[in-house]
Amino acid sequence: MSIPGPAAPESASVPDELPAQYDPAATEAAIYSAWETAGCFTADASRSSLAGGDRDPYVVLMPPPNVTAILHVGHGLNNAVQDVLVRWARMRGLEALWMPGTDHAGIATQNVVEKQLAAEGLSRSDLGREAFVERTAAFVERTGGVILQQLRAIGASADWSRTAYTFSPELSVAVREAFVRLYERGLIYRGHRVIHWCPRCLTSLSDEEAESRDTAGSMYHIAYRTEDDPSRTITVATTRPETLLGDVAVAVNPTDERYADLIGRNVVLPILGLAIPVIADEYADPEFGTGVVKITPAHDANDFEVGRRHGLAAPVVIDQHGAMAEVMDSAGRVPKEYRGLDRADARTRIVAALEAMGQLVRREPHQHGVRHCYRCETVVEPRLSDQWFVRMESLAAPALEGVRTGRVRILPEKWVGVYEHWMTNIRDWNISRQLWWGHRVPVWYCAACDPPNNVIASREDLERCPHCGGPVRQDEDVLDTWFSSWLWPMSTMGWPNAASADLRAFYPSDVLVTAPEILFFWVARMIMAGYAFMDDAPFHTVYLHGTARDTQGRKMSKSLGNGIDPLDVVSLYGADALRYTLIAGMGMGADVFLDPADLDRSFATGRNFATKLWNIGRFLLRNVGAGEVQAISAVDPAQLGRADQWILQRLDIAIRECDRAIGPVKPIGRAWSAEEQTAGLRLNEYAETARRFVWNEMADWYLEAIKSRLLTPGADQEVARAVLVHVFDNALRLLHPIVPFVTEALWQRLPSHVEGAFLAQASWPEVRDGAAAQDAVSAFEQLMQIIEAARRVRAEYAVAPGTKIRAFVVSDATSRAVLEPDAPLVARMARTELTFVERAPEGASSAVILPGGLQLIVPLEGLVDVDKECARVRTELAALDRQLAALRARLATEGFITRAKPEVVEAEREKEREWSGRQEQLARKVAQLCG
RNA sequence: GGGCGAAUAGCUCAGCUGGUUAGAGCGCCUGUCUUACACACAGGAUGUCGGGGGUUCGAAUCCCUCUUCGCCCACCA
């Protein structure tokens, strides 16, 4: 027995000691450490079929959380899904590797450390670059990766021996290699252009990091006077009047007749009094605003392009902090009273000034998208600067092709269109950041050499120039954190070392599980990197799951304070309850709604289920005992009872349905077929099927049905024990990926358990060969219906629970021979004594018509008044009349017979026979009762 | 502005290629501590499947349209 703790029995002879409620706290931690100690989660490269082994690999890459992150319910959801898949694959006999790790998270981590410094009254410049980086590294070393520890608490079966970090020495090698290779291929270049700049983080951002937010602003209409005729004015429309100080022209559309006469003349820039030209450019849309655009090349990406086309200057009038200043080529452009003013204040002042001068024609409310920093929400400032870019077009082509041909599938499918749209309209990626925390751009500059020798991209640190031997200095910038993340599927495996065992055994990986938010940041780029560096996609499936939201539909977040701490849930109800609730509640790509104010209710589904499983286990252990149990294969099929046959068939059905819900494992050496494209990964269906089997079928029916057999010594007891253990063993296997702890705890206590074996490593259930005896199964189903009917009658007439009732079953001799031996089962499960008769007895009674020509008649004397029963039967008959009429109409339609599938027609005919038989019986009953 | 998706029980959602009397969980109602489980058991109620039109023998399912929500993208100053 590998499970210590108070709940573990000393010996299997006293299994009754299990508490009535599952106590996760007493078991989970011990089970997890037993798994880890036994190396259950450690993948072995030599066993991979790609490396000469006999198992197909199954690899899931954990989206590396930020190294400073703390587990929230989003991580819980993401990792629960991955763990289900990995545990399932492991049980399927694949060499399963779940690669864990963290991301150094450039801006995010730097912000955290800078905040700490600020609390000490320091800034990063007070420390200097080297000390700051050291301090950040030490901080990460000390407190980073907490989240990985927390993931163990929710049962994550990652291979911790391989834990990676995007800023580790090994991954740094990969980053440099990727940079230099792309540089050598001409796909990385230095560009001078307007990029997104965060004035708070003091760094440039990629297009994806500058998130557009719909914002209520104003549109200002400003009149400019022409230089040569002060009476002739031209009105420009702008949302950013403060950038006026950097204007070098106003543009009109060349086809716009309103302004044709002005093209080539000058207008006077208000406030500064500078003369600037009116230029003609297609960029100006005659339909929008006044049709006149002010051109500020240094502070707007489009204006920059216009400026370039017309050879205009690009004066920079806003500094890196977002304050007005004469930064570059802008001498005399920022009046003293504006210098140092924040852009927002400057806007107010300039608008006021324009108004005072009578040049503000109009100001109207205007909704428009404003870009914000994805890390700190600051309004991003377009800024002219030199940055490193990756040319994306050629990288995107194979990544687009990979999805189109089915090498990679994206689920749910609705994201495919989004992916394709982004890929086909891809823009170059700004990868340089003006930060200190991150991979330094591996480029050195030589002051002595001439271009292109003065810029050297290098895999090794350079001390001196390889061309002239003179001194060099390294680029000050670091790389976008995503420039290391996009290599994750390769770098974690040892790339660029082609001889790496992991790279050979485990690339490409299988399913990537993540949130749609990072489809472009990460997923699309990983696919591009895969094709660019490994010539193959990094995975065959992208599974984009939903978001955790509160009851008002708001995304759970720390700042809103509406989050749920998964560890709270774990300590209250256990990891299994958390996992089951999340998995069962999450349709493909659908959001999960939870109430942070009512954890009890939110997680009732999972908690109740874990307890139910536990109690099924308790019952089994108590009643089966510790004695030897026959293997199911050793049981003579002729010995199997009806209930046994029935539950074994239900098990097979459950296995098939679970397999279908999880779907095909992977396509080997080919693309996904059209049918496979969207098949599987319906984990909620899988969870529901497994739950239904173990709870509604095994516990509610089978267990109840065999209670007496279990208690009566003899051969039949042995059969019942064997079947029960077999069925529950398989149920635990089916459920293990979702609720690993409670299933492991129970599985190890089964009498069939072999010392030292783990459910985590056990095999996935398979459908048994040989069909079940259908007669026996049907007979059991008929008994179930009799029991349900009798219970319904009892409930309807409020028969006291202790009271036994009598009932007649009207049946032919054949049915009677089949069913009568099981009358005691009905007596026990429905407290109803059955008497089999060939004809309905005289007198008023409640009748329930059952399929197969059976009728259950319960004498109502002493139970209820006849009037009430009469009314009930009449209602039932009326409903049946209606349904039967509709059914007959359908059957009478010629088109139905000729066009419907034969099996559908046959099913409908069968139904018609059954219903009309029942109608007849009901009519007779009405006559008897009411007439 | 462009693109995509969704609308089914009080709530969150299944319902896969059109064909049983549209389902589950949670919640609700009634009864029960039936010796595994009250975090349970047994029984029950609730749906013009968003509105309208169409295709079809047959539509929650396919098509059109309207309404309402959501998401992604976008330089319209």
Side-chain angles (χ1 to χ4, degrees), chain A residues 16 18 20-22 212 219 236-240 243 251 283-285 287-290 292-296 300-303 305 366 368-369 382 412 414-419 421-422 425 516 519-520 551 553 573 577 581 584-587 589-594 600-602 604-605 607-623 660 675 678-679 682 684-685 688 691-692 699-700 703-704 788 791-792 794-796 798 800-802 828-831 879-880 882-883 886-887 889-901 903-905 907-908 910-911 915:
Chain A
D16 219 350
L18 299 183
Q21 271 180 29
Y22 173 57
S212 180
M219 179 71 83
V236 303
T238 181
T239 55
R240 302 201 54 199
T243 62
Y283 169 63
D285 177 358
E287 303 295 310
F288 188 85
T290 58
V292 187
V293 199
K294 58 193 263 320
I295 301 300
T296 323
D300 183 283
N302 296 298
D303 291 8
E305 291 306 318
H366 182 67
H368 61 138
K414 63 173 174 179
W415 292 105
V416 173
V418 176
Y419 173 88
H421 181 261
W422 188 78
N425 296 286
L519 181 59
F520 306 139
T551 43
Y573 318 116
T581 304
M586 184 173 53
D591 293 342
V592 180
F593 290 81
L594 299 164
D600 215 45
R601 189 181 156 178
S602 294
T605 318
R607 181 204 56 186
N608 295 358
F609 181 61
T611 305
K612 182 68 185 184
L613 260 188
W614 181 254
N615 277 296
I616 294 169
R618 277 179 68 204
F619 171 84
L620 182 145
L621 295 176
R622 175 187 295 181
N623 289 285
R660 204 169 101 94
E675 310 85 72
T678 57
R682 291 173 224 255
N684 58 326
E685 283 180 29
E688 167 56 20
R691 185 205 66 81
R692 185 202 68 210
D700 290 349
L703 232 44
E704 294 300 330
E788 282 177 332
R791 282 173 176 168
R792 230 175 294 133
R794 292 182 60 102
E796 198 149 347
R828 196 157 47 76
M829 291 184 71
R831 295 182 177 250
L880 185 63
R882 247 179 291 121
Q883 285 156 5
L887 177 62
R890 201 183 314 158
L891 273 166
T893 323
E894 195 192 338
F896 176 72
I897 305 296
T898 51
R899 297 190 205 172
K901 285 186 229 152
E903 60 265 32
V904 172
V905 176
E908 297 288 90
E910 170 63 31
K911 191 162 61 178
W915 287 9

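Numbers restart at 1 for each chain; the letters A, B, ... are given by sequence-line order, proteins then strands. Hydrogens, waters and symmetry mates are skipped; everything else that's a heavy atom, side chains included, is used.
- Comparing the C1' positions of B:G53 and B:A9 gives an interatomic distance of 27 Å, to the nearest angstrom.
- Mapping A:Ala900 and A:Gly417 onto RNA chain B by nearest heavy atom places A:Gly417 at the nucleotide closer to the 5' end.
- Looking at heavy-atom distances under 4.0 Å, A:Tyr283 makes contact with a base.
- Residue A:Arg792 places at least one side-chain N or O closer than 4.0 Å to OP1 or OP2 of B:G44.
- Residue A:Ala301 is classed as having no contact, given no heavy-atom separation below 4.0 Å to the nucleic acid.
- When distances are taken from the side chain of A:Thr605 to each of B:G25, B:A14, B:U20, the shortest belongs to B:G25.
- Which of B:A77, B:A24, B:G19 sits closest to the side chain of A:Arg691 comes down to B:A24.
- With P as the reference atom, B:C33 and B:G51 are 45 Å apart, rounded to whole Å.
- The partner of B:U20 cannot be assigned: no Watson-Crick or G-U wobble pair with both contacts below 3.5 Å exists in any strand.
- Look at CZ on A:Arg607: it is 7 Å from P on B:C39, rounded to the nearest Å.
- The closest donor-acceptor contact from the side chain of A:Asp300 to the backbone of A:Thr296 lies at 3.5 Å or more, if one exists at all.
- The phosphate of B:A77 has OP1 or OP2 within less than 4.0 Å of a side-chain N or O from A:His366.
- A:Val905 comes within 4.0 angstrom of no nucleic acid atom, judged by non-hydrogen atoms across all strands.
- Comparing the P positions of B:G70 and B:U61 gives a spacing of 24 Å, expressed to the nearest Å.
- When the C1' atom is used for both B:A7 and B:G43, the distance is 33 Å, rounded to whole Å.
- Below 30°, between 30° and 60°, or above 60°: for A:Trp614 and A:Tyr22 the angle between ring planes is between 30° and 60°, a tilted geometry.
- A:Val293 comes within 4.0 angstrom of a base, heavy atoms only.
- Across all strands shown, B:A40 pairs with B:U32; the Watson-Crick or G-U wobble distances both stay below 3.5 Å.
- Distance CG (A:Asn684) to P (B:C16): 13 Å, rounded to an integer number of Å.
- Residue A:Arg899 places at least one side-chain N or O under 4.0 Å from the OP1 or OP2 atom of B:C57.
- Here B:C76 presents its P atom at 11 Å from CG of A:Asp285, a figure rounded to the nearest Å.
- Among the protein residues, A:Phe593 comes within range of the sugar-phosphate backbone only, with heavy atoms under 4.0 Å from sugar or phosphate atoms but none that close to a base.
- Heavy atoms of A:Gln883 sit under 4.0 angstrom from at least one base atom.
- Dashed line: the shortest gap from a side-chain N or O of A:Lys414 to OP1 or OP2 of B:C71 is not under 4.0 Å.
- Although no hydrogens or angles enter the test, the distance criterion places a donor-acceptor pair under 3.5 Å between the side chain of A:Arg794 and the main chain of A:Arg831.
- Nucleotide B:C75 has no partner under the Watson-Crick or G-U criteria, as no pair reaches both atom distances under 3.5 Å.
- For A:Asp600, the salt bridge (Lys or Arg N to Asp or Glu O under 4.0 Å) test picks out A:Arg607, with sequence neighbours left out.
- Taking the side chain to side chain donor-acceptor pair (under 3.5 Å) definition, one finds that A:Ser602 meets it with nothing, sequence neighbours left out.
- For the pair A:Arg791 and A:Val592, nearest-nucleotide mapping onto RNA chain B gives the more 5' position to A:Val592.
- Residue A:Thr893 places its side chain closer to B:C57 than to any other of B:C57, B:G43, B:C72.
- Here the C1' atom of nucleotide B:A14 and the CZ atom of A:Arg692 are 13 Å apart, to the nearest Å.
- Considering CG of A:Asn302 and OH of A:Tyr283, their distance stands at 4.0 Å, rounded to 0.5 Å.
- Atoms CZ and NZ, from A:Arg240 and A:Lys294 in turn, are 8.0 Å apart once rounded to the nearest 0.5 Å.
- As a whole-Å value, the separation of A:Lys901 NZ from B:G58 C1' is 13 Å.
- Following rounding to the nearest Å, A:Glu910 (CD) and B:U21 (P) show an atom-to-atom distance of 14 Å.
- Between the P atoms of B:A77 and B:G19, the separation comes to 48 Å (whole Å).
- The gap from the P atom of B:G27 to that of B:C11 amounts to 15 Å, rounded to the nearest Å.
- Per the geometry, CG belonging to A:Asn425 stands 13 Å off P belonging to B:G3, to the nearest Å.
- Counting non-hydrogen atoms under 4.0 angstrom, A:Trp415 reaches the backbone sugars and phosphates but no base.
- Within a 6.0 Å sphere centred on CZ of A:Arg828, heavy atoms belonging to other residues, nucleotides or ligands number more than 12.
- Rounded to a whole Å, the CG atom of A:Leu519 is 13 Å from the C1' atom of B:C4.
- Under 4.0 Å is where a charged nitrogen must lie from a carboxylate oxygen, and between A:Arg791 and A:Glu788 no such pair does.
- On the C1' atoms, B:C26 is 13 Å away from B:C39, given to the nearest whole Å.
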Encode nucleotides 27-37 of chain B as B, S and - characters from 5' to 3', where the letter depends on protein heavy atoms closer than 4.0 Å: B to the base, S only to sugar-phosphate, - to neither.
-----S-SSBB
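- When heavy atoms are screened at a 4.0 angstrom cut-off, A:Ala284 is found touching base atoms of the nucleic acid.
- Looking only at side-chain heavy atoms (C-beta outward), A:Val418 and A:His421 stay at 4.5 Å or farther from each other.
- Shown here, B:C26 forms a base pair with B:G10; the pair counts as Watson-Crick or G-U wobble because both key distances fall under 3.5 Å.
- When the P atom is compared between B:G15 and B:G5, the two are found 16 Å apart, to the nearest whole Å.
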